[in-house]
Amino acid sequence: MAWLQNPAHRIAGASVITSLPDISEVPERGFDGWKSFFGEAARLVQAWVPDDGVAIFFQSDIKHDGRWIDKGYWVQRALEDVGTHLLWHKVVCRRPAGTVTYGRASYSHMLCFSRGVRPAADRAFADVMPDAGHMTWTRGMGANACLAACQFVAEQTASRVVVDPFCGYGTALAVANALGLDAVGVELSARKCRKARSLSFALDAKGALAPVISTATFAPPGL
């Protein structure tokens, strides 16, 4: 949040692909505190993105205190409050269709917003993605979902930098790099940062993604 608020961190020609933190990642805030934090984070992300860029959010519904929480709706409501347009809304299957789950949805929402970009109708892609793809952890963005998001950025915006201000294990960043885009990630956890720096993907001849196993180690950069 502090990184997004610092004017020195603005990047021309950038778009954001991110997943805002779940309540399980900030339990000290409590439910109401997390809800307020979530909306503020969504608005900060959109305020940071240049007019010719997009903000793409990957959010999974959760159950809390016996009720379902639609985080995609929360994002859309927060951004509509600041006059930002929803360009598209996709459903990404995290489990095969028909799977019964308890406590966490088997799908995620992927929503794209922008103040200035308008997508080309003849370059639309599926509204329902049957497989999120490789996930670095249970709450992570799937590699296939990141590929669709990064391809949209590469093909339909002027952005050549993908930023994830809540990058976790860095799937969006690694997929962006696989497509030839630059990527910047911000993460509070040093352990997750190390994992993100070592993660990479390669595109096969059919355009599918496969993780590249790296044995390299990385030292944290100087502050």
Side-chain angles (χ1 to χ4, degrees), residues 3-4 11 13-22 45 48-50 52-60 72 75 87-95 107-114 117 119 123-187 189 191-216 218:
W3 188 89
L4 287 169
I11 301 174
S15 284
V16 167
I17 300 174
T18 195
S19 179
L20 301 181
D22 200 319
V45 166
W48 186 92
V49 173
D52 59 354
V54 296
I56 299 176
F57 297 86
F58 184 90
Q59 305 295 162
S60 301
V75 170
L87 301 188
W88 46 258
H89 177 188
K90 311 296 182 181
V91 174
V92 182
C93 295
R94 298 167 58 85
R95 300 288 185 271
Y107 59 88
S108 295
H109 304 279
M110 189 160 66
L111 304 97
C112 178
F113 299 85
S114 180
V117 174
R123 305 181 84 172
F125 58 104
D127 292 325
V128 178
M129 299 183 62
D131 181 8
H134 175 81
M135 288 188 288
T136 54
W137 68 311
T138 56
R139 297 187 181 92
M141 290 187 280
N144 290 344
C146 289
L147 179 60
C150 288
Q151 285 176 329
F152 180 85
V153 170
E155 296 171 3
Q156 299 206 47
T157 78
S159 299
R160 289 301 172 263
V161 181
V162 166
V163 175
D164 187 347
F166 303 95
C167 76
Y169 292 104
T171 304
L173 310 177
V175 173
N177 287 163
L179 292 182
L181 299 170
D182 290 331
V184 176
V186 181
E187 172 58 49
S189 166
R191 178 178 60 85
K192 289 180 180 179
C193 277
R194 289 192 293 270
K195 292 283 188 180
R197 290 192 184 98
S198 64
L199 180 65
S200 62
F201 287 93
L203 289 170
D204 64 21
K206 296 182 179 180
L209 285 168
V212 176
I213 305 301
S214 173
T215 59
F218 297 84

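Quick note: numbers below take in every heavy atom, side chains included, and nothing from hydrogens, waters or symmetry partners. FYI, the numbering just counts along the sequence from 1.
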- Just jot down the ring pair (Phe, Tyr, Trp, His ring centres under 6.0 Å) partners of Tyr169, sequence neighbours excluded, or say none.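 Once residues adjacent in sequence are excluded, the partners of Tyr169 under the ring pair (Phe, Tyr, Trp, His ring centres under 6.0 Å) criterion are Trp137.
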Restricting to non-hydrogen atoms, name the atom on [X] and the atom on [Y] that form the minimum distance, rounded to 0.1 Å.
{"X": "Gly140", "Y": "Met135", "result": "O-SD, 3.6 Å"}
{"X": "Ala145", "Y": "Val92", "result": "CB-CG1, 4.1 Å"}
{"X": "Ile11", "Y": "Pro50", "result": "O-CG, 3.8 Å"}
{"X": "Val75", "Y": "Gln59", "result": "CG2-CG, 4.1 Å"}
{"X": "Met110", "Y": "Ala148", "result": "CE-CB, 4.3 Å"}
{"X": "Ala143", "Y": "Thr171", "result": "CA-CG2, 3.9 Å"}

Find out whether [X] and [Y] are in side-chain contact, i.e. whether some heavy atom of one side chain is under 4.5 Å from a heavy atom of the other.
{"X": "Ser200", "Y": "Asn177", "result": "no"}
{"X": "Lys195", "Y": "Thr136", "result": "no"}
{"X": "Leu203", "Y": "Leu147", "result": "yes"}
{"X": "Trp48", "Y": "Val163", "result": "yes"}
{"X": "Val128", "Y": "Cys93", "result": "yes"}
{"X": "Phe57", "Y": "His109", "result": "no"}

- What orientation do Phe201 and His134 show, parallel under 30°, tilted 30 to 60°, or perpendicular over 60°?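 Ring orientation, 0 to 90° scale: perpendicular.
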Ignoring hydrogens and angles, tell me if any N or O in the side chain of [X] forms a donor-acceptor pair with the backbone of [Y] under 3.5 Å.
{"X": "Arg160", "Y": "Ala154", "answer": "yes"}
{"X": "Arg123", "Y": "Phe152", "answer": "no"}
{"X": "Lys90", "Y": "Ala149", "answer": "no"}

How long is the span from the [atom1] atom in [X] to the [atom2] atom in [Y], to the nearest 0.5 Å?
{"X": "Ile56", "Y": "Trp88", "atom1": "CD1", "atom2": "CH2", "answer": "4.0 Å"}
{"X": "Arg95", "Y": "Asp131", "atom1": "CZ", "atom2": "CG", "answer": "10.5 Å"}
{"X": "Lys192", "Y": "Leu199", "atom1": "NZ", "atom2": "CG", "answer": "14.0 Å"}
{"X": "Cys150", "Y": "Glu155", "atom1": "SG", "atom2": "CD", "answer": "11.0 Å"}

Per-pair distances, 0.1 Å, donor-acceptor, side chain in residues 13-20, under 3.5 Å, sequence neighbours excluded:
| unit_1 | atom_1 | unit_2 | atom_2 | d |
| --- | --- | --- | --- | --- |
| Ser15 | OG | Val54 | N | 2.9 |
| Ser15 | OG | Ser159 | OG | 2.7 |
| Thr18 | OG1 | Asp164 | OD1 | 2.5 |
| Ser19 | OG | Phe58 | O | 2.7 |

Which donor-acceptor pairs under 3.5 Å do the side chains of residues 178-185 make with protein atoms, sequence neighbours left out?
none

